[in-house]
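Predicted model, so just to flag it, every value in this text is computed and none were measured.
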Amino acid sequence: MSSAAPSPIAPQILEYCRRNESRILDFLKRLVETESPSDNKSAVDEVGAILAQEFEGLGGKIKIHRQKGYGDHLQADFHGAHGQKPIMLLGHFDTVWSMGTLKTMPYRIDNGRVYGPGVYDMKAGITIMIFALRALKELGATGHRPITIFLDTDEEVGSESSRAITESIARGCEAVLVLEPSQGPQGFLKTSRKGVGDCTVRVVGRASHSGVDFDKGRSAVIELAHQILEIAKFVDLPRGITVNPGVIQGGTRSNVVAAEASVEVDLRVVRMGDAAELTRKFSELKPVNPDCSITVSGGINRPPMERTEGTVRLFHVAQEVGKTMGLDLGESATGGGSDGNFTSALGIPTLDGLGAVGEGAHSANESIVLKDMHHRCGILAGLLLKV
């Protein structure tokens with residue numbers, strides 16, 4: 001990373017975005033009003049086509065990673081300083097919102113905020129990418145590393161088809177900048193994220209008529225209740241380890257001793273070393289009733305993004321860029337995961353939360369603060385020139 005004085009480009013980008021606010025809003029509106037739920041390939045691909053056209057117009061070389069079960073992932077490569085490793089810009093354009101959500105949750109601007117499904121998570125972040133690149137091009141700013149943009153279509157459902165591609169690209173990059181939403185109203189950048197997983201515990205007992213042959217039954221529901229109480233003991237808040245038994249299923253009728261029951265458990269860890277310990281604890285669960293059996297599946301599937309020295313260096317560069325616009329950027333940890341977890345776990349310096357400032361991800365009040373979009377473009381452009 002460069003040790004030169006903070007780039008003066010950020011204030012220029014800020015002014016550029018203020019002058020071009022109507023263009024930014026027009027593009028953001030187009031993205032939000034082109035709905036893209038993770039489970040609708042044709043809808044997601046429509047957004048991908050819009051983005052491919054934009055990136056190509058900015059000089060990017062487009063590569064489409066075709067998928068059958070999900071939307072096609074999008075890669076755009078931009079030339080930069082010869083002989084330098086690229087910077088990766090990472091994000092996704094699938095959303096959690098079903099087709100037709102716009103009817104009850106329309107795109108709108110109210111009191112300096114922009115509302116709509118997916119605007120915060122993370123179509124505004126993609127808009128920031130595009131206008132930071134456009135501003136650098138139109139202002140004639142040069143000298144940055146090559147840039148590889150990768151936007152996937154299944155982040156909201158676990159990144160099953162995109163993870164290997166994300167990791168493959170990241171291995172060849174100097175650093176990864178993630179345009180997921182910032183943290184809180186202050187717009188904190190994210191320097192660490194918890195690792196995320198899920199586990200299913202299934203119990204098999206023995207069915208019987210609860211009135212005629214009660215004593216012959218072995219209740220899987222009662223056994224599962226014992227196991228849930230044991231699982232609850234795995235929580236270690238000082239270490240950032242949480243388990244949440246969130247979904248319980250079991251039994252068939254109230255007059256039948258339940259033969260089967262299960263619980264789905266959300267898992268979160270701060271350090272990868274804790275993931276192995278948590279996995280071991282689940283594997284060592286033993287039935288209280290010896291006539292019941294237990295099976296456990298799942299585990300941590302998104303490693304933690306730990307606060308590494310490389311990530312801290314990126315954050316300090318972002319802070320210096322922010323100061324040129326009068327900002328005092330802060331950092332935060334978060335319990336949620338992103339694709340940045342994958343790149344960080346590879347040892348690649350990764351800075352997350354560079355997207356929009358706002359609130360309400362995955363909720364009806366999802367919105368962003370419009371004026372902060374301009375600053376975020378400036379921060380990203382400054383990082384591209386400084387890293």
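A search for side-chain contact (heavy atoms from CB on, under 4.5 Å) contacts involving Ile64 returns Ile62, Arg66, Asp72, Leu74, not counting sequence neighbours. Annotation: side-chain contact (heavy atoms from CB on, under 4.5 Å) contacts of Arg18 (sequence neighbours excluded): Leu14, Glu15, His374, His375.
Asp94 and Thr153 share no donor-acceptor pair across their side chains, judged by distance under 3.5 Å alone. For Ser367 and Asn365, the side-chain atoms include no donor-acceptor pair closer than 3.5 Å. Of the N and O atoms on the side chains of Ser192 and Glu306, not one donor lies less than 3.5 Å from an acceptor on the other residue. A donor-acceptor pair shorter than 3.5 Å cannot be found between the side chains of Thr101 and Ser98.
One distance of note links CD of Glu46 with CD of Glu35; it measures 10.0 Å at 0.5 Å rounding. A distance of 11.0 Å separates OG1 in Thr279 from CD in Glu284, rounded to the nearest 0.5 Å. To the nearest 0.5 angstrom, Leu380 atom CG is 7.5 Å from Met129 atom CE. With rounding to the nearest 0.5 Å, the separation of NE2 in His73 from CG in Asp45 is 10.0 Å. The line from OG1 of Thr127 to CZ of Phe27 is 5.5 Å long, rounded to the nearest 0.5 Å. Atoms OG and CG, on Ser162 and Leu90 in that order, are 8.5 Å from each other to the nearest 0.5 Å.
For Phe150 and His65, the gap between ring centers is short of 6.0 Å. Taking the six-membered ring for Trp and the full ring otherwise, the centers of Tyr16 and Phe131 sit at least 6.0 Å from each other.
More than 12 heavy-atom neighbours from other residues, nucleotides or ligands sit within 6.0 angstrom of CZ on Arg280. Around the NZ atom of Lys85, the shell of radius 6.0 Å holds more than 12 heavy atoms that belong to other residues, nucleotides or ligands. At most 12 non-hydrogen atoms from other residues, nucleotides or ligands lie less than 6.0 angstrom from CD1 of Ile222. Other residues, nucleotides and ligands contribute only 12 or fewer heavy atoms inside 6.0 Å of the CD atom of Gln249. By the neighbour-count criterion of 12 heavy atoms within 6.0 Å, atom CD of Gln53 is sparsely surrounded, having that number or fewer from other residues, nucleotides or ligands. Residue Gln186 qualifies as enclosed at atom CD: its count of foreign heavy atoms under 6.0 Å is above 12. Within 6.0 Å of NE2 on His209 lie more than 12 heavy atoms contributed by other residues, nucleotides or ligands. Residue Asp328 places its CG atom among 12 or fewer non-hydrogen atoms of other residues, nucleotides or ligands, all under 6.0 Å distant.
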| message | Pair Glu156, His362 - check side-chain hydrogen bond (donor to acceptor under 3.5 Å, both in side chains), show working. | response | CA-CA 10 Å; Glu156 296 290 8; His362 303 189; 3.3 Å; yes
| query | After noting the C-alpha distance and the side-chain angles of Leu133 and Ile147, does the key distance pass the side chain to side chain contact (heavy atoms under 4.5 Å, CB included) rule? | reply | CA-CA 10 Å; Leu133 291 174; Ile147 299 167; 3.7 Å; yes
| said: side chain to side chain contact (heavy atoms under 4.5 Å, CB included), that's the test. Do Phe315 and Asp352 meet it? Break it down for me. | reply: CA-CA 9 Å; Phe315 171 66; Asp352 206 331; over 6 Å; no
| said: Apply side-chain hydrogen bond (donor to acceptor under 3.5 Å, both in side chains) to residues Thr166 and Asp339 and explain how you reach the verdict. | reply: CA-CA 8 Å; Thr166 298; Asp339 289 328; 4.9 Å; no
| message | For Tyr120 and Val114: C-alpha separation, side-chain torsions, deciding distance, then whether side chain to side chain contact (heavy atoms under 4.5 Å, CB included) applies. | response | CA-CA 9 Å; Tyr120 181 49; Val114 184; over 6 Å; no
| request: Show the numbers, then the answer: is there a side chain to side chain contact (heavy atoms under 4.5 Å, CB included) between Thr242 and Asp236? | output: CA-CA 6 Å; Thr242 61; Asp236 189 337; over 6 Å; no
| task | Output, in order, the C-alpha distance, side-chain angles, deciding distance and verdict of salt bridge (Lys or Arg N to Asp or Glu O under 4.0 Å) for Arg23 and Glu54. | result | CA-CA 13 Å; Arg23 293 172 67 192; Glu54 287 294 319; over 6 Å; no
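Leu102 has its side chain out of reach of Trp97: every pair of non-hydrogen atoms, C-beta onward, lies at least 4.5 Å apart. At least one side-chain heavy atom of Lys323 sits less than 4.5 Å from a side-chain heavy atom of Glu320. Between Ile294 and Lys286 the shortest side-chain heavy-atom distance does not fall below 4.5 Å. Under the 4.5 Å side-chain criterion, counting only non-hydrogen atoms from C-beta, Glu174 is in contact with Arg145. Contact check for Arg307 versus Val312: side-chain heavy atoms found under the 4.5 Å cut-off. No side-chain heavy atom of Val176 sits less than 4.5 Å from a side-chain heavy atom of Leu351. Side-chain contact between Ile248 and Leu224 is present, with heavy atoms from C-beta onward closer than 4.5 Å. A 4.5 Å side-chain heavy-atom check between Phe342 and Arg302 finds at least one atom pair inside the cut-off.
Closest approach of Ile9 to Ala141, counting heavy atoms only: CD1-CB, 4.0 Å. Ser38 and Val157 get closest at one heavy-atom pair: CB-CG1, 3.8 Å. What you find for Ser210 and Val256 is that their closest heavy atoms are OG-N, 4.0 Å. When every heavy atom of Ala170 is checked against every heavy atom of Thr343, the shortest pair comes out as CB-CG2, 3.6 Å. The shortest heavy-atom contact between Arg376 and Ser182 is NH2-CB, 3.2 Å. For the residue pair Arg268 and Gly337, the shortest heavy atom distance occurs at NH1-N, 4.2 Å.
Here the side chain of Asn244 pairs no donor or acceptor atom with the backbone of Asp266 at under 3.5 angstrom. Formation of a donor-acceptor pair under 3.5 Å by the Thr350 side chain with backbone atoms of Ile348 is found in this model. The main-chain N or O of Gly118 is never found under 3.5 Å from a side-chain atom of Thr95 such that the two would form a donor-acceptor pair. The main-chain N or O of Val204 is never found under 3.5 Å from a side-chain atom of Arg218 such that the two would form a donor-acceptor pair. Judged by distance alone, the side chain of Glu223 and the main-chain N or O of Val288 form a donor-acceptor pair under 3.5 Å. Arg206 places a side-chain N or O within donor-acceptor distance of the main-chain N or O of Lys216, the cut-off being under 3.5 Å. Put simply, the side chain of Lys194 never gets that close to the backbone of Val270: no donor and acceptor are under 3.5 Å apart. Formation of a donor-acceptor pair under 3.5 Å by the Glu366 side chain with backbone atoms of Asp121 is found in this model. Of the possible donor and acceptor atoms, one in the side chain of Asn341 sits under 3.5 Å from a partner among the backbone N and O of Ser338.
Looking at Asp154 and Arg163, no side-chain N of the basic residue comes within less than 4.0 Å of a carboxylate O on the acidic one, giving no salt bridge. Between Glu180 and Lys123, no side-chain nitrogen of the basic residue sits less than 4.0 Å from a carboxylate oxygen of the acidic one, so the salt-bridge criterion is not met. Here Asp274 pairs with Arg239 in a salt bridge; the nearest charged N to carboxylate O distance falls below 4.0 Å.
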